[in-house]
Amino acid sequence: MKLLALVDCDNFYASCERVFRPDLKKTPIVVLSNNDGCVIARSKEAKAMGIKMGVPWFQVKEAYLAQGGKVFSSNFALYGDLSKRVMNILDGMVKRIEIYSIDEAFLDLQHIQNKNQAYEFGVYCRNTIRQWVGIPVRIGIAPTKTLTKVASHIAKNTNDGTGVYCLKKQKDIFHILQTLPIREIWGVGHNLSRQLNQLGIYSAYELAQMDIRFIRKKFSVVLERTVRELRGEPCIQIDDHSEPKKQIVVSRSFRDRIESLSELKSLISNFAVRAGEKLRHEKQKCSQVSVFISTSRFNKQLQYRGFDSFQLPCPIDDTRSILMGANKVLNTIFKHGYPYAKAGILLSQFSHPAFIQKSLFETTDQLHLKQDENLMQTIDDLNSIHTQIYYASQCSGGLSPIQKKMVSPKYTTNWWELPTTK
DNA sequence: TCTGGGGTCCTAGGACCC
DNA sequence: TCTGGGGTCCTAGGACCC
């Protein structure tokens, strides 16, 4: 039987903050979202204090700090860099790896014959990452991706301290699924678990016993795959060649509400510029530019969501054309008198530059579109280290006036913030 | 007062083709 | 009055993930 492994970093953002602050080894740590709005990561100690994932910071701030907890604004430069280091190590250990998220990767253990070897490999993996990067990981090993998630879940709670769990024998699998609520299964979210509960299905074991045809008919092929995977039948393959992106989103919530069109325009311009950089980095061109603006979903009195798209006559990757499209959409969806809390831009309908369908009769100039690869390349180069070239419609202050009061240094990605020693 | 950001996949339905 | 059968492509919306 083929085995897969899921390597999952423990409380990743909180662990990253600890790498350069060993003094915080036992201290509760939480990391906040942009604008220091919500809690998006918690150390084990913070979890034990009852701090929930996604809770608004202002609700728990006082009690948490009073108990000696430590808080950080999010520092994605640091997390991204440490993630790369972890993934590089894993990449060197196996032939096939799928980097699933910033803190998770699936490994193909095709070179491993039996359960004991798999376990030893897991321990070796974990120790190496711990020693080389300083990040603790847990490892779940099983025949299918869905079961590696289950195994990783158990690895979190084992008392032997290895953080590695191998789930292989059918008897063990069923035994564990019996005590696992369906909401904990990878691929079963809030909605599905509610619907399944209504049918009297509560444990992963009960779900695994369901009739496949019934699940397919009543739900979808997605849940069917989950059921099969719980039974040990691999349906979701390791995807080790990253597909090109299909859409790019840049969006932010605002610290203060915004009512004026001109202010929104300059913020959307900032988003558009960043989206253009991402698009060119992906080596893609887009044919559709969408913009959305919305009031706070917690403001019950005054709610509005605007969304619309602009179809470009041919695929482009020039920021000036993206700005033009974004501006047009914003003008049509903007309504006066609303306190806007969030906005964003979405680029879609990508085509690879090698296969661009050009207009038969008109040049990009005649279509009133700007497209100049050399200019964009030059600007990207100039801005790569430190932004030097701005578009006239942009505003200063980055993507949006974001508040990050408690951000740690960019220890590994900025010369001026390297850790020092006395 | 203050509530994140960035993705993917699947399905149903409509438009259109021969 | 009677009006086929088999496709593709696109989009919106809903579900999920971290």
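All chains are named by letter (A, B, ...) in the order of the sequence lines, taking the proteins before the strands, and each is independently numbered beginning at 1.
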>> Applying the side chain to side chain contact (heavy atoms under 4.5 Å, CB included) criterion to A:Leu3, which one of A:Thr144, A:Ile141, A:Leu167 satisfies it?
In response: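 The single option meeting the side chain to side chain contact (heavy atoms under 4.5 Å, CB included) with A:Leu3 is A:Ile141.
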Check every strand shown and say whether [X] touches a base, only sugar-phosphate, or nothing at a heavy-atom separation below 4.0 Å.
X: A:Arg257; value: sugar-phosphate
X: A:Ile185; value: sugar-phosphate
X: A:Gln247; value: base
X: A:Asn35; value: nothing
X: A:Lys61; value: nothing
X: A:Lys149; value: sugar-phosphate
X: A:Ile248; value: sugar-phosphate
X: A:Ile102; value: nothing
X: A:Arg255; value: nothing
X: A:Val250; value: sugar-phosphate
X: A:Trp57; value: nothing
X: A:Glu243; value: nothing

> Which comes earlier along DNA chain B counting from the 5' end, the contact point of A:Tyr13 or that of A:Arg225, where each point is its nearest nucleotide?
Replying inline: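 The residue mapped nearer the 5' terminus is A:Tyr13.
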> Between A:Val221 and A:Lys245, who's closer to the 5' end of DNA chain B by nearest nucleotide?
Replying inline: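 Its nucleotide being nearer the 5' end, the pick is A:Lys245.
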> Measuring from A:Tyr411:OH to A:Leu82:CG, what's the distance to the nearest 0.5 Å?
Replying inline: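 The OH atom of A:Tyr411 sits 11.0 Å away from the CG atom of A:Leu82.
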Is a donor from one side chain sitting under 3.5 angstrom from an acceptor on the other, for [X] and [Y]?
X: A:Thr319; Y: A:Arg280; value: yes
X: A:Asp318; Y: A:Gln371; value: no
X: A:Gln394; Y: A:Ser269; value: no
X: A:Asp81; Y: A:Thr412; value: yes

>> Counting the benzene-type ring for Trp, do A:Tyr13 and A:Phe72 have ring centres under 6.0 Å apart?
In response: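 No, they do not, as the ring centres are separated by 6.0 Å or more.
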Expected list for residues 234-250 of chain A: side-chain donor-acceptor pairs under 3.5 angstrom, two or more places apart:
{"unit_1": "A:Asp240", "atom_1": "OD2", "unit_2": "A:Arg96", "atom_2": "NE", "d": "3.1"}
{"unit_1": "A:His241", "atom_1": "NE2", "unit_2": "A:Glu243", "atom_2": "OE2", "d": "3.3"}

> Near DNA chain C, which residues from residues 196-207 of chain A have a heavy atom under 4.0 Å away?
Replying inline: none
> For A:Ala118 and A:Cys166, which heavy atoms make the closest approach, and how far apart are they?
Replying inline: CB-SG, 4.3 Å
>> Tell me every residue that passes ring pair (Phe, Tyr, Trp, His ring centres under 6.0 Å) with A:Tyr202, counting only those two or more places apart in sequence or in another chain.
In response: none
> For A:Tyr165, what residues pass the ring pair (Phe, Tyr, Trp, His ring centres under 6.0 Å) criterion, not counting sequence neighbours?
Replying inline: none
> Does anyone know the first and last nucleotide of DNA chain C in reach of chain A, 5' to 3', at under 4.0 angstrom to a heavy atom?
Replying inline: C:dT11 to C:dC18
> Does the ring pair (Phe, Tyr, Trp, His ring centres under 6.0 Å) test come out yes or no for A:Phe254 and A:Tyr340, once each step is laid out?
Replying inline: CA-CA 8 Å; A:Phe254 312 135; A:Tyr340 292 101; 8.4 Å; no
> Just the dot-bracket of DNA chain B, please: which string comes out with Watson-Crick or G-U pairs under 3.5 Å, [ ] for crossing, | for another strand?
Replying inline: ....||||||||||||||
